[in-house]
S.K.: 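My questions all concern the structure below.
Only a predicted model underlies this, so the values are computations on that prediction, with no experimental measurement involved.
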Amino acid sequence: MQIDITTLDGEGAGSVDLNETIFGLEPRVDLLQRMVRWQLAKRQAGTHAVKNRSDVNRTRKKLYKQKGTGNARHGAASAPQFRGGGRAFGPVVRSHAHDLPKKVRALALKHALSAKVKDSTLIIIDDVKLAEGKTKALVERFEKMGLSSALIIGGAEVDVNFARAARNIPQIDVLPVQGINVYDILRREKLVLTRAAIYALEARFQ
């Protein structure tokens, strides 16, 4: 599968042959959904909590005697049915993460990459390097390339000036190739891969 390579200035820079086993699959929505759900659950803080009846600061003295009053039998005022009492069955601090096999995660990434190829929203760029970290100049280049919502994946390290210029642009994410993930790929309209990122991905899945 041949795809043309461009530069930041919109000029041609040859072409690259993409691996069909990584970029040529028929995307499966179920795999992508499982992976996104796994990512979002894994990053959820799970720090929400309430005070149950053992946590509220109320007297433990019995409200009134057990028999003879005609009222229901009650003990401490910290019971959930009383105003100021503890919360019944409220959320507790816990991890929301769940297991997903490593092979499924790897396959989901391949399907996310293939989905971008199928939708013609994958752009291969020669390199992402800037002489100066100026946001204004980079915005002008992105407008020429038609990039308003994109995930840009560099090599093992992203050029400092490029990362500095791009971080102020809304809906533009820049990551090294180690940080590529299904959720960020799908949440942006276009995926931009550098030549180094292509080689790193193909080596990763060998």
S.K.: Please tell me if the side chains of T194 and D126 come closer than 4.5 Å, counting only heavy atoms from C-beta onward.
M.R.: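 When only atoms from C-beta onward are counted, D126 and T194 do not touch, as no gap falls below 4.5 Å.
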
S.K.: Can you check whether E202 reaches I198 side chain to side chain, under 4.5 Å on heavy atoms?
M.R.: yes

S.K.: Answer whether the closest heavy-atom distance between the side chains of I185 and L109 falls below 4.5 Å.
M.R.: yes

S.K.: For a quick check under 3.5 Å, do E132 and N161 share a side-chain donor-acceptor pair by atom type?
M.R.: no

S.K.: Between the side chains of D159 and R164, is the shortest nitrogen-to-carboxylate-oxygen separation below 4.0 Å, so that they form an ion pair?
M.R.: no

S.K.: How many angstroms lie between atom NE2 of H98 and atom CZ of R34, to the nearest 0.5 angstrom?
M.R.: 8.0 Å

S.K.: Hydrophobic cluster membership, with links at side-chain heavy-atom distances under 4.5 Å among I/L/V/M/F/W/Y: are I22 and L175 in one?
M.R.: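 Linked within one cluster.
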
S.K.: If hydrophobic clusters are built from ILVMFWY residues whose side chains come within less than 4.5 Å, do I180 and L25 share one?
M.R.: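 Yes: a chain of side-chain contacts under 4.5 Å links I180 to L25.
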
S.K.: Got a sec, which pairs hit ring-ring contact (aromatic ring centres under 6.0 Å, His included) with one end in residues 129-183, sequence neighbours left out?
M.R.: none

S.K.: When clusters are formed from ILVMFWY side-chain contacts under 4.5 Å, directly or step by step, what else is grouped with V92?
M.R.: none

S.K.: So that I can tick it off, tell me whether D173 and R188 are bridged by a salt bridge, with the cut-off set at under 4.0 angstrom between side-chain N and carboxylate O.
M.R.: yes

S.K.: Does the side chain of L40 come within less than 4.5 Å of R43's, by heavy atoms?
M.R.: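 Yes - at least one pair of side-chain heavy atoms lies under 4.5 Å apart.
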
S.K.: Working note: L113 + L201, criterion side chain to side chain contact (heavy atoms under 4.5 Å, CB included); need CA distance, chi angles, decisive distance, verdict.
M.R.: CA-CA 10 Å; L113 295 170; L201 286 171; 4.1 Å; yes

S.K.: Quick one, M35 and R105 - any side-chain contact, counting heavy atoms below 4.5 Å?
M.R.: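 Yes, side chains in contact.
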
S.K.: Of the non-hydrogen atoms in R28 and D30, which two are nearest, and what is the gap between them?
M.R.: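 Reported closest heavy-atom pair: NH2-OD2, 2.7 Å.
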
S.K.: Determine whether the side chains of N19 and T21 contain a donor N or O and an acceptor N or O closer than 3.5 Å.
M.R.: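 T21 and N19 do have a side-chain donor-acceptor pair below 3.5 Å.
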
S.K.: Considering only heavy atoms from C-beta outward, does the side chain of V50 approach that of F89 to under 4.5 Å?
M.R.: no

S.K.: Can you tell me how far NZ of K110 sits from CZ of R204, rounded to the nearest 0.5 angstrom?
M.R.: 10.5 Å

